[in-house]
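Residue numbering restarts at 1 for every chain, and letters A, B, ... go by the order of the sequence lines.
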There are 4 protein chains.
Amino acid sequence: MTKRVGKKTSRAERRARRPHEILEAAFEEFAAKGYAATRVEDVATRLGITKGTVYLYFPTKDVLFQEMFRHASTSSADRPTAIGGLRGSCAERIRALLLIAYENTANDRKTRELLRLSVAEGARLPEMVDCRHELFIAPTLAALTALVEEGVKSGELRRDTAAETPDVLASLIFQVAVWLLMFADRKPIDGKALMEAHIELVMSGLLQRSEQMV
Amino acid sequence: MTKRVGKKTSRAERRARRPHEILEAAFEEFAAKGYAATRVEDVATRLGITKGTVYLYFPTKDVLFQEMFRHASTSSADRPTAIGGLRGSCAERIRALLLIAYENTANDRKTRELLRLSVAEGARLPEMVDCRHELFIAPTLAALTALVEEGVKSGELRRDTAAETPDVLASLIFQVAVWLLMFADRKPIDGKALMEAHIELVMSGLLQRSEQMV
Amino acid sequence: MTKRVGKKTSRAERRARRPHEILEAAFEEFAAKGYAATRVEDVATRLGITKGTVYLYFPTKDVLFQEMFRHASTSSADRPTAIGGLRGSCAERIRALLLIAYENTANDRKTRELLRLSVAEGARLPEMVDCRHELFIAPTLAALTALVEEGVKSGELRRDTAAETPDVLASLIFQVAVWLLMFADRKPIDGKALMEAHIELVMSGLLQRSEQMV
Amino acid sequence: MTKRVGKKTSRAERRARRPHEILEAAFEEFAAKGYAATRVEDVATRLGITKGTVYLYFPTKDVLFQEMFRHASTSSADRPTAIGGLRGSCAERIRALLLIAYENTANDRKTRELLRLSVAEGARLPEMVDCRHELFIAPTLAALTALVEEGVKSGELRRDTAAETPDVLASLIFQVAVWLLMFADRKPIDGKALMEAHIELVMSGLLQRSEQMV
DNA sequence: GATGAATGAGTTTTCATTCAT
DNA sequence: GATGAATGAAAACTCATTCAT
């Protein structure tokens, strides 16, 4: 007869979930309107709660934003772990790595919006942007560098491959992400097809002639 | 020896220059802080005038922003005209075109900051972003497409999927631009070198094998 | 002995009373200074609250004014109901009706100030003024017309009574009201005495000679 | 060949007329929008001149308003002089006087708007309102009182309480004026007809029975 | 814990007034 | 005399933050 009957989320559970919920709501609001244009009340309303409750968990709007950014960043942090498990030739592994990076970045709404916030609010919070660099961008570029070096050493890839190669390999991911951020659905693109074409083009430039013949 | 002697800015001149000055100052402020976080007074102070004066020329902050965006966009509008005058083989012209686009986009602070604003405030003003697309991005991509098609037709370039996707050729420009917007001087990159490496890589993928031998 | 003991205004009560309080304060301020010269903060200060609180209940100054006008109008709306209960000869009822109208209009500060606002801000809000006409002025004039017609039919009043008679009967009410609005206490008048004299004069003109003899 | 050819208003004439012009324009603007809501620039624009010019002739907006009020008041000051020239019986002269007062007050736009300003801004400027009282209202009421007293003395009029309250005789003038101020053209009235009916009614109450028979 | 009324500092916008030209 | 650019004080309105209930 009590309220709790049939209720899967007990008060305690709900309470435990609150900070998480709030951070998710904050992500949506901040991503859509930017820091300054978002009101704390917007975040609360999105959850059906009130401003005051938000302040119960986060002392200021600024802290809320930073926690949100950190939370959104780490919530997708486990994905790159797949990198270690790649198998096949260097070319195959580079291709696989780029596709994973594409899926995790340009093709992932959350990551894309974090990129938007990094560009928009970056001046306010350089540490956060740098943090994201350490966690995601640098490791991916490092992995690409390692793979290219391995390929060169093994003779699979051209010997004259430049140090700038990893950035070049990853560049289309940024383009697709920025395109989606700027044009949303107004100018649709087939990111996956672009990515395939990109990979084919750059790989054909990377591979030794003999390999290309195959 | 009258006051006017040596006075370069008469009242009329000043009056004529004011809108331009204000738009320039607005560009700096909005680019640095975003729309919502910029105060009209910030713009005025940057010029050593008061906010009332800004309102003498622009009726609202919103109009000021839009005029600033339009002004900043068109003030760099003449550069792409160089495209028509390109000479040489298709490969040479593609290379030249990409370098011009790089100079005008990733390497131009004004254009880069407009990209920032497009990403940050795009949701508020899709028409502006689309307008920039019509004026700059679409023409450049169209020129790339035309050059690639010409090269394919003449046998200079390979026919492959990349040939149909000029986005792939321009992708590094976006990467450099976004990198600079996110990391400024904290993680410097040699954009020019990246661009050269990018061009070499994609061109080696585009060219017929025989040409590559050269 | 807790705080609540003796505390008449709980939060809920206060909340429920606030709109009313604010409208009353707004009435005083707007009546005293007019729309444009009244600051929202003036209204708040009168209540010992801050302007932010006023905006919690009314979205704009304009809405506050309109709600205030409507509220002040309707808060005195029940009085005319007394009309139906009049008894006596037509002359007696006309006299009674005019005295009631006088009490409710010229002699009622609230109604007088609404007249001031109608005259002062009428150009901005014709609908409000017209609304007051429908609710108060028209019914009173209609009642007067009905009484005069009845009196003519029964022979109590002169047959040649003009259609303009009701306005003439009510005219002194306007004069007294306007006088008080213009001169306040600087040139006091005895409104009641004027009203008595007015009624006596016009009734003596309305009544059949025979009746006057009485 | 000079500009002045064919120009009837020389610079000097124009200059001499300026203050007058400005006061007229100020009257229109203040009457239409009230003191606080009228901008000095509105007044200037109405004349096709600029704010600065207004300040050449009037030091502050407040002074402009007061001068305007005084000017508008005195520009109609000569009309009541007709009173002295009235001829005929007391009844005839009272009737004529009331009609003149009606024409000069309720039926005269300028006077009506001054009444509006007196009601609207009266709290700010009691002296002005009192001044108008001395100049127009009091003399008219005094003339009425004198006429009634003369009539009573000569036996032409009844002695009753109304005889001592000329306000009663003039009341309809206020009603018509206020009506026009509140309803403008939205609820038209025939002021002249109302006035005639009013005069007839009050005179029939004032006159001795014997006279009425005539 | 949760609420939401209240605050007050901050921002946009207006406009009376000044003054160099 | 006229102008109109510039000022800055003031007013409408917003919103992060607090706190009594």
Length of the NZ-C1' vector between Lys51(B) and dC15(E), whole Å: 12 Å

Where along residues 27-50 of chain A does a heavy atom come under 4.0 Å from DNA chain E, residue by residue in number order? Ile49(A), Thr50(A)

Mind calculating the distance between CZ (Phe58(D)) and P (dA2(F)) to the nearest angstrom? 13 Å

Atom CG of Asp62(C) and atom C1' of dC13(F): how far apart are they, to the nearest Å? 14 Å

Measure the distance from OH on Tyr55(D) to P on dG4(F) and round it to the nearest whole Å. 16 Å

I'd like to know if the side chain of Lys110(B) and the backbone of Ser73(B) have a donor-acceptor N/O pair within less than 3.5 Å. no

Trace of the side chain to side chain contact (heavy atoms under 4.5 Å, CB included) decision for Val63(A) with Gln66(A): CA-CA 5 Å; Val63(A) 167; Gln66(A) 296 190 39; 5.7 Å; no

Under 3.5 Å, is there any donor-acceptor pair linking the side chain of Lys61(A) to the base of dT17(F)? no

Leu56(C) CG to dT17(F) C1', straight-line distance once rounded to whole Å: 14 Å

Need the pair for dA20(F). Rule: Watson-Crick or G-U wobble, both distances under 3.5 Å, any strand; none if unpaired. dT3(E)

How many whole angstroms separate atom CG of Leu64(A) from atom C1' of dA16(F)? 12 Å

Mind checking Tyr57(A) for me? I need base, sugar-phosphate or nothing, with any heavy atom below 4.0 Å counting as a touch. sugar-phosphate

